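Working notes for the structure below.
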Amino acid sequence: ALWLAAAVEVYTSQEVVAVNGTNQRLKCTFSSSSPVSPQLSVTWNFQPEDLSSHEPVFYYLKEPYKPPSGRFKDRVTWDGNVERKDVSIIIWNLQPTDNGTFTCQVTNWPDVYGSIGEVRLRVVQKVSFSEIHFLAVAIGSASVLMISVVIIVIICRQRRQKAQEKRAEVPDTEL
């Protein structure tokens, strides 16, 4: 009963947004009740947004195997470390046709069943200026403005104090 309950758990980001023409690391990690075995295998597949058939992206069994054909030929590299339970890949020169869902499946004998990680990739023409970016710029600008005001106030007070000291020195010397 314990053997049937043993499974590989796969972890990925739910969604990744990348700019057209750039490279993107698709992170996939896993946990297993068994130590990493020599029979560990990793399968990456791709499902386009138009829901046409799945396409192989990458395969690992003792060593990485790039796809011999298809849209990802010469555009995908292994970026994982199985000893650290990282089975990530990098997709190079992203195109709008790469929009879709990537799946990461890991088997680690005897843990051959388990979850399949899914990453939805969105390739955009340029980075959108999100609300978080706007908030960061607003807070940064306000901070710079406040620091500038404080510095100006300090400088003005110091000049005023020096001017008062000079005025106070003049009557003392006349006496």
Side-chain angles (χ1 to χ4, degrees), residues 1-140:
L2 285 177
W3 183 77
L4 292 175
V8 176
E9 293 294 322
V10 178
Y11 310 99
T12 57
S13 303
Q14 288 184 337
E15 183 176 61
V16 174
V17 178
V19 177
N20 186 31
T22 62
N23 309 328
Q24 181 65 48
R25 182 176 197 259
L26 298 182
K27 185 176 181 179
C28 180
T29 58
F30 69 94
S31 65
S32 176
S33 59
S34 301
V36 174
S37 87
Q39 289 84 24
L40 178 125
S41 70
V42 180
T43 305
W44 278 91
N45 285 310
F46 173 68
Q47 174 76 54
E49 282 187 329
D50 64 6
L51 301 178
S52 56
S53 63
H54 283 274
E55 297 178 34
V57 176
F58 202 85
Y59 185 72
Y60 178 95
L61 177 63
K62 297 182 184 174
E63 64 181 69
Y65 293 93
K66 294 181 181 181
S69 62
R71 80 172 77 202
F72 298 106
K73 180 182 184 214
D74 299 326
R75 291 184 48 223
V76 62
T77 53
W78 174 253
D79 196 43
N81 181 335
V82 292
E83 296 304 319
R84 292 186 177 168
K85 299 183 178 178
D86 182 353
V87 293
S88 303
I89 58 172
I90 297 176
I91 308 285
W92 299 87
N93 190 23
L94 288 168
Q95 305 298 316
T97 55
D98 297 331
N99 283 327
T101 302
F102 290 80
T103 58
C104 173
Q105 184 173 11
V106 179
T107 59
N108 183 39
W109 185 260
D111 294 347
V112 293
Y113 299 105
S115 60
I116 296 176
E118 290 190 356
V119 180
R120 183 172 182 275
L121 176 67
R122 284 191 318 125
V123 179
V124 296
Q125 291 301 323
K126 60 182 178 178
V127 178
S128 61
F129 201 69
S130 71
E131 293 174 10
I132 293 174
H133 290 112
F134 177 75
L135 187 60
V137 168
I139 290 171

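Just so it is clear, the model here is predicted, and its values are computed rather than measured. Values below: all heavy atoms of this structure, side chains included; hydrogens, waters and symmetry mates excluded. Start at 1 with the first residue, then count along the sequence.
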| query | Between Y65, F30, W78, which is the residue that forms a ring-ring contact (aromatic ring centres under 6.0 Å, His included) with Y60? | reply | W78
Does a side-chain heavy-atom distance below 4.5 Å link [X] with [Y]?
X	Y	answer
E83	V36	yes
D98	Q24	no
R71	P48	yes
V87	V82	yes
P110	S34	yes
H54	F46	no
R75	P67	no
N20	Q95	yes

| field | Basic-acidic side-chain contact under 4.0 Å: R122, E49 | value |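 Not counted as a salt bridge, because no side-chain N and carboxylate O are separated by less than 4.0 Å.
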Strictly distance-based, threshold 3.5 Å: is any side-chain N or O of [X] a donor or acceptor partner for the main-chain N or O of [Y]?
X	Y	value
S88	C28	yes
S115	V10	yes
N108	L40	no
N23	I90	no
D86	G80	no

Which heavy-atom pair separates [X] from [Y] by the least distance, and what is that distance?
X	Y	value
S32	D111	OG-OD2, 2.5 Å
N93	G21	OD1-CA, 3.5 Å
I116	T103	CG2-CB, 3.8 Å
P56	F72	O-CD1, 4.3 Å

| Sole candidate of I91, I89, V76 that passes side chain to side chain contact (heavy atoms under 4.5 Å, CB included) when paired with W44 |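 Running side chain to side chain contact (heavy atoms under 4.5 Å, CB included) over I91, I89, V76 with W44 returns exactly one hit, I89.
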| message | Whether the N45 and Q47 side chains hold a donor-acceptor pair (N or O, under 3.5 Å, no angle test) is what I'd like checked. | response |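 The answer is no; no qualifying pair exists.
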| remark: OG1 of T43 to CG of L61, rounded to nearest 0.5 Å, is 9.0 Å
| request: Mind checking the CD-SG spacing from E118 to C104? Nearest 0.5 Å is all I need. | output: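 Rounded to the nearest 0.5 Å, the CD-SG separation comes to 11.0 Å.
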| message | Is it true that, when you exclude Q14 itself, more than 12 heavy atoms of the residues, nucleotides or ligands shown sit nearer than 6.0 Å to its CD? | response |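 It does not: Q14 CD has 12 such atoms or fewer within range.
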